[in-house]
Every structure is written in structure tokens, then in C-alpha cells.
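Chain A is the first sequence line, chain B the second, and so forth, proteins listed ahead of strands; every chain is numbered from 1.
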Amino acid sequence: MEETKDLIQQRREKLDEIRKFGVEPYPHKYEPTHTTSAIQRDFADIQETSDDAQTVRIAGRIMTKRDHGKSSFAHLQDSEGQIQIYVRRDKIGPDPYKIYRRFDGGDIVGAEGTVFRTRTGELTVLVDTIELLSKSIRPLPEKWHGLQDKQTRYRQRYADLIMNPEVKDVFVKRTQIVQAIRNMLNTRNFIEVETPVLQPIYGGANARPFTTYHNTLEQSLYLRIANELYLKRLIVGGFDRVYEFSRDFRNEGMDRDHNPEFTMLELYQAYADYIEIMELTETLIAETAKTLHGTAKITYQEHELDLTPPWERLSMVDAVRKYAGIDPVPLSADELYKAAVDVGLDLVGDETKGKIIAELFDEYVESKLIQPTFITDYPIEVSPFAKKKPDNPQFVERFEFFICGMEVGNAFSELNDPVDQRQRFLEQANSLEAGDDEAFMVDEDYLRALEYGMPPTGGLGIGIDRLTMLLTNQYSIRDVILFPQMRPEN
RNA sequence: GAGCCGUUAGCUCAGCAGGUAGAGCAUCUGACUUUUAAUCAGGUGGUCACAGGUUCGAUUCCUGUACGGCUCACCA
């Protein structure tokens, strides 16, 4: 980049000078004996320098450097933390010290020495030898304020991770969340599988897809918006418990809790219904929180949350009654329409009763659900893959769960009646024809699978990014995705 | 897509009722062998996001564009 040419030029000159000393600035390997945190742990009791001091070898990035003439202090940072090193000319020799003087903040070095504690009490490695492992020619951000600019932090996540250790911590936790869930599912005899990202027919959710093209097949393909229909094919095939952490892609807006590509855990369990899945859900999430924090009570922004099961369960109709002040049950579609418009809902006029209930819920209920809450029994119109309730075919056995006003997951008793499913597909196809660009087409192969017979099955999807936001107290989805989607810089 | 805000040195930020810019840190030179935001002395570094307009003169005022942030809309 042109703007830092001068500083980069300076460092390239140092690079040349280092080479003139016969030192290769980009050697091939180094063998550390300790990480910084291992030293902090193993030498916690040490007082001063001792003659039988154990030699350690560490490797890391120089974060600060304080030269004092013939000696110098610096902090090295590795993947686990930082440790101070103390470099003395009379220890390492005059020529190595000249080379060391050309090291900069950002350089990656290996150092061997003994551990002691300085006058001010900081555990420090007194260096016997130090060598350059990789010369940095681009200056790091300032040490005190670090890197603040969000744009730079998202675009140059590497610089963000170097400068802001708490960022790295979030992503370590993200991995731990996935790992905790994986362990629990494996223990429960679920099998982790992989299904196509490139799909000839997209489905399993209402969303606009990304489209791509396969040259050899000479056909359009879609990046999956969900993997639901593939996992259920596997249930048909006899995998009774399957799951996948699925990177899904939706060609829609971006905001605090939407990124065009995101990760969804989907799982399917044969012979379970949505009530059983509800129990699994609250257990999975509470246990994940415990693995991470040792407790199911967490803080998210200004809210204190208790994820301990059982969570509140509220039917969508009850929720609308409670929060929107409208009881949809006794009302006709027309009456409900009028009531909804009266409270300020913006409707076109051709909505069905179920659609209006769902709209009322989205508008007046969702944001009020702070503590973890299951909302159950959705209108059939908005749930094309869920089984009808036996006692009321206008509603389905479905739940979503909300925490801090955010939808985190979605589940249902899976529709396994192939005739009913075909009918639901046809309704979607009609909507698509009519211009609903989030509806989807008939998936004949999926119907064929159902025709072979799918056991009664409960299915669940959990937004891993949003769950990570909650469990790591991050305000934006961009802070739990390493490389969030951004417009090009230029 | 709309509204508001932002973009000034490598980083973090000031500044200007219009008169072509400052600080701290980083960097460079010198001093300094237990410092830690090291210290002391001196220096370098800027197309003030980009393009137009108003003006004798614009980094400053106006308009547009780009990128970002927040809110809303859209959206699971």
C-alpha cells in the first residue's frame, strides 16, 4: 500500500542490513520448548535468578520493545499470551546485539534463555540467544489504543487478532461451543454428516438463494439456503440420528444478526416429536453455556439470562394474546385483519388468518422475548415442512426459540406424509409463480424419498452465529464471524 | 433501500466564524545494562476519503460518490 511506503521502506532496509550480517530473516523452523502461558504457569513461584535455572525456548511476535543502550526489554506474544524478555549485549554478544537492534515490533523471533523475575516483579526470560524467525515490514497499530477502527478490524482480521486478544478469545469460544454441541450429540448416538452445498434445487427454508453455474454440467446450481431436505433423505435412508453444522447462504440483507453466509446446526432424530426436541434443545444450550462459563446464567448486553431448563413455553396464539393484546382464536380472518390494522400492523389485505397471526407475532412479540422462550404451534401457512397438529389442522407442531428478542432456533415434528408434502410444495410453487421470491419449487426427489416412507421424526435448526453472540456477549454477528462480508475496499 | 453520524500522519485522536494542519504513540538520530504507556534531547512523516461547486482563497461551507458505523425497512 502506498500510504505506508516510507515505514515499509525503512523496514526493508533493515531487512537488507540483517541479511548483510549473514542472517536469513525467514528461516524454516524453530522448536520452542514452552509457550508463554506454560512459563507463566511453571515458573509462577520463582523469585530471582538462580544458577540452576532451566533453559526455555519460546517463539512469538515482538509487541513492544524498550531499548536501553546496551540492554533491552521486549514483550513477546504467542498464541496463548505474552511474556517479557530481557536482552543484554554482554549476554548475547556484540554482533547479535547489533542484529537485535534492527528488530522491530511485529517481528517474529525465537529466544532461548532462563526465567527470572525483575525488580518490579515481572516474570521475564533473560535471553542467551535470540533469532529472527520472520521479519515484519508493515508496522503494527499503536500499542496503547490498539486497533479500534471497525472497518480495518473486519477487513484485516489478522491485525485485529494480533492487537486485540479478547477478539481471539471470542473465536476460541465459538469453537468450544461447536465442540460442546458435537460432543453431546455424539454421546447421544447422532452421526455427523456432510451434504451438498451446491444444490440443483434449493429448499428447506424461505429465502432467496445465491445462484452459480456448473460449466461441465451446463446447469445452474444454488448455494444451499438450508440442508434440511438432504438430512431428511438420510433419515429415510436409515440414519436415525444425523446432524450437520451447515454453512448456509442467503441472498438477503445484512445487519446486526444477518450475514449472507452463516452456520446452522441442523439435526434430525427419528421417532421423536417436537416436544422431545424441545427438551433436547434446552439441554444442549444450557449445557453448552455451562461448558463455557460453568453456569447457565449468563449476561448478554444489559440482560441477565437464565438458560436453565425448563424454558417458558407459549403457543404463538397465546403469545399474540399476551403481548399484542389480540385474541385471534374467536376472530374470523376479516375480523383479525381489522384488529391487526387497528393496532398499526401494515398488511396488504389478502393475508390468511394464519399469516396475520405470524405477522402480529413478528411485529409485537418477538422483540419482547428476552428470557429463553419456546414459541409453539405455528400457522400452517408459514410452515411447509411441519406436521399438522392432530386436533387443529390450521396449526403445526413447530417451535422456535427466542433469547434477547433474537430467533435462535427452529424445530418441528417433520412432515412425513408424502401426499400432504406434495400439496405444501405446490402451494410454495404457486407463491413462487405469483412473485414471492422467497418461496421455493417442488423437489420431486425429496417427495420420492418420502414416498419410500420416513419415520416420524423431530428436527431442529440452531443458528450457531447467534448462539455464539449470546454466549460470548457480542453485539453484532460480525464480531463472531472471522471474516464478515464486506464491500470491496476500492 | 431510507435517515443520522463518521472518514485528518502507520495507529489513536484534536483542529479550522474559510487563510493549504497539530498532539500522543510508532518511526529515525544521539544518550542510557532491571524497563514496562521506559526516560531525556533532536528530527522525518499529510493529495485532511474521492469528485465537483461557492470563494481572492476550501481540510473547514454546499452537492454528489465511495467505504464504514448506528437506527429503521427488508429478512429467519
Side-chain angles (χ1 to χ4, degrees), chain A residues 1-11 13-14 48-49 63-75 82-92 97 101-102 104-106 116-124 126 136-156 159-160 162-163 204-208 225-226 228 248 250-260 262 264 346 358 361-363 366 375 378 382-383 398 400-402 406-411 436-438 461-463 465-466 475-478 484 486-490:
Chain A
M1 295 283 188
E2 295 301 314
E3 70 270 21
T4 54
K5 191 177 167 205
D6 289 340
L7 290 167
I8 289 180
Q9 193 54 42
Q10 279 176 10
R11 290 188 176 209
E13 283 161 15
K14 286 185 186 175
E48 290 292 332
T49 318
M63 298 305 288
T64 58
K65 194 161 173 265
R66 296 175 291 282
D67 289 325
H68 293 257
K70 298 180 188 64
S71 75
S72 172
F73 287 92
H75 274 96
Q82 293 196 359
I83 192 149
Q84 180 169 257
I85 61 170
Y86 181 37
V87 183
R88 296 168 56 129
R89 194 174 73 164
D90 62 3
K91 265 285 197 187
I92 69 168
Y97 198 74
R101 290 298 294 258
R102 285 164 174 80
D104 292 300
F116 76 111
R117 209 172 272 285
T118 63
R119 199 177 281 165
T120 50
E122 178 161 352
L123 208 58
T124 301
L126 176 60
S136 161
I137 61 169
R138 180 177 293 272
L140 289 175
E142 184 226 7
K143 62 189 169 191
W144 191 240
H145 299 92
L147 181 62
Q148 302 288 338
D149 182 69
K150 285 201 170 176
Q151 182 163 184
T152 309
R153 291 181 48 208
Y154 295 145
R155 289 189 194 281
Q156 302 182 31
D160 190 25
I162 292 168
M163 297 308 298
N206 292 104
R208 301 203 307 263
I225 58 173
E228 164 153 354
D248 293 342
R250 298 188 183 176
N251 207 338
E252 288 165 355
M254 300 156 58
D255 60 27
R256 176 167 113 74
D257 50 15
H258 292 82
N259 193 66
F262 63 102
M264 175 109 85
D346 193 16
F361 175 81
D362 285 350
E363 184 67 25
E366 193 169 321
I375 297 297
Y378 279 57
V382 296
S383 312
R398 174 182 180 186
E400 293 187 329
F401 67 98
F402 297 83
M406 243 188 327
E407 178 204 333
V408 185
N410 181 22
D436 178 358
D437 54 7
E438 281 158 13
I462 296 178
D465 312 273
R466 292 179 183 177
Y475 183 75
S476 167
I477 198 169
R478 286 187 295 276
M486 302 281 275
R487 285 198 166 87
E489 282 180 74
N490 296 313

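Nucleotides G52(B) and A14(B) are separated by 28 Å at their C1' atoms, to the nearest Å. Nucleotides U12(B) and A51(B), compared at atom C1', are 29 Å apart to the nearest Å. When the P atom is used for both U59(B) and G53(B), the distance is 13 Å, rounded to whole Å. Nucleotides A2(B) and G19(B) place their P atoms 34 Å apart, quoted to the nearest Å. Comparing the P positions of A66(B) and A73(B) gives an interatomic distance of 24 Å, to the nearest angstrom. Annotation: U60(B) and U8(B) have their C1' atoms spaced 11 Å apart (nearest Å). Comparing the C1' positions of A37(B) and C11(B) gives an interatomic distance of 14 Å, to the nearest angstrom. Here, U47(B) and C70(B) have their P atoms 29 Å apart, quoted to the whole Å.
A donor and an acceptor atom never sit less than 3.5 Å apart when one is taken from the side chain of His145(A) and the other from the base of C11(B). Applying the 3.5 Å distance criterion, the base of U33(B) shares a donor-acceptor pair with the side chain of Arg88(A).
Side-chain atoms of Ile375(A) and Glu366(A), non-hydrogen and from C-beta on, never get closer than 4.5 Å to each other. Residues Arg478(A) and Lys150(A) fail the side-chain proximity criterion, which asks for heavy atoms closer than 4.5 Å. Counting only heavy atoms from C-beta outward, the side chains of Asp104(A) and Lys65(A) never approach each other to under 4.5 Å. At a threshold of 4.5 Å between non-hydrogen side-chain atoms, the residues Phe262(A) and Arg466(A) do not count as touching.
At the heavy-atom level, Asp257(A) lies nowhere under 4.0 Å from the strands shown. Residue contacts shown for Arg102(A) are absent, as no nucleic acid heavy atom lies under 4.0 Å away. Contacts of Ala207(A) with the nucleic acid, taken as non-hydrogen atoms under 4.0 Å apart, involve only primed sugar atoms and P, OP1 or OP2. Within the nucleic acid shown, Arg153(A) has no heavy atom closer than 4.0 Å to any nucleic acid atom. Residue contacts shown for Arg155(A) are limited to sugar-phosphate atoms, with no base heavy atom under 4.0 Å away. Contacts of Arg66(A) with the nucleic acid, taken as non-hydrogen atoms under 4.0 Å apart, include base atoms. Nucleic acid contact class of Gln84(A) (heavy atoms, under 4.0 Å, all strands): base. Among the protein residues, Met486(A) comes within range of the sugar-phosphate backbone only, with heavy atoms under 4.0 Å from sugar or phosphate atoms but none that close to a base. Using a 4.0 Å heavy-atom distance criterion, Gln148(A) is classed as a sugar-phosphate-only contact.
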**OP:** Any chance you could lay out the side chain to side chain contact (heavy atoms under 4.5 Å, CB included) test for Met63(A) and Ile162(A), step after step, and finish with the verdict?
**Re:** CA-CA 9 Å; Met63(A) 298 305 288; Ile162(A) 292 168; 3.8 Å; yes
Original post:
Please walk me through it: do Arg138(A) and Ile8(A) pass side chain to side chain contact (heavy atoms under 4.5 Å, CB included)?
Top reply: CA-CA 6 Å; Arg138(A) 180 177 293 272; Ile8(A) 289 180; 3.8 Å; yes
**OP:** Before giving the answer on side chain to side chain contact (heavy atoms under 4.5 Å, CB included), spell out for Asp67(A) and Arg101(A) the whole-Å C-alpha distance, their side-chain angles and the decisive distance to 0.1 Å.
**Re:** CA-CA 8 Å; Asp67(A) 289 325; Arg101(A) 290 298 294 258; 4.0 Å; yes
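Considering only the side chain of Asp255(A), C74(B) comes nearest among C74(B), U12(B), U34(B). Relative to the side chain of Gln151(A), the nucleotides U12(B), U35(B), C67(B) differ in distance, and C67(B) lies closest. Nearest nucleotide to the side chain of Tyr475(A), out of U71(B), C75(B), U33(B): U71(B).
The side chain to side chain donor-acceptor pair (under 3.5 Å) check on Asn259(A) picks up nothing, with sequence neighbours excluded.
By the 30° and 60° cut-offs, the orientation of the rings of Tyr86(A) relative to Phe73(A) is parallel.
The nearest whole Å value for the distance from the CZ atom in Phe73(A) to the P atom in U39(B) is 14 Å. Rounded to whole Å, the distance from CG on Asp67(A) to P on A31(B) is 12 Å. A straight line from NZ of Lys150(A) to P of C13(B) spans 12 Å, rounded to a whole angstrom. Atom CD of Gln156(A) is separated from atom P of G68(B) by 14 Å (rounded to the nearest Å). With rounding to whole Å, Glu489(A) atom CD is found 11 Å from G68(B) atom C1'. Glu366(A) has its CD atom 13 Å from the C1' atom of C74(B), to the nearest Å. Distance CG (Asp346(A)) to P (C75(B)): 11 Å, rounded to an integer number of Å. In this structure, the CG atom of Asp6(A) is 14 Å from the P atom of A9(B), given to the nearest Å.
An OP1 or OP2 oxygen of C74(B) is reached within less than 4.0 angstrom by no side-chain nitrogen or oxygen of Arg208(A). Applying the 4.0 Å criterion to OP1 and OP2 of C67(B), one finds that Arg487(A) has a side-chain N or O inside that range.
By the neighbour-count criterion of 12 heavy atoms within 6.0 Å, atom CG of Asp90(A) is densely surrounded, having more than that number from other residues, nucleotides or ligands.
Listed here is the closest heavy atom pair of Arg66(A) and His68(A): O-CD2, 3.2 Å.
In terms of position along RNA chain B, the nucleotide closest to Thr124(A) lies nearer the 5' end than the nucleotide closest to the other residue of the pair Glu252(A) and Thr124(A). Nearest-nucleotide assignment on RNA chain B puts the 5′-proximal partner with Leu147(A), out of Leu147(A) and Ser71(A).
Between the side chain of Arg398(A) and the backbone N or O of Val382(A), at least one donor-acceptor pair lies under 3.5 Å.
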Original post:
Where each pair must be Watson-Crick or G-U wobble with both distances under 3.5 Å, what dot-bracket representation of RNA chain B is obtained, with crossing pairs in [ ] and other-strand partners as |?
Top reply: (((((((..((((.....[..)))).(((((.......))))).....(((((..]....))))))))))))....
Please list, pair by pair, any protein nitrogen or oxygen found under 3.5 Å from a nitrogen or oxygen in nucleotides 25-28 of chain B.
residue : atom : partner   : partner atom : Å
A26(B)  : OP1  : Lys143(A) : NZ           : 3.1
U27(B)  : O2'  : Gln10(A)  : OE1          : 2.0
U27(B)  : O2'  : Gln10(A)  : NE2          : 3.0
C28(B)  : OP1  : Lys14(A)  : NZ           : 2.4

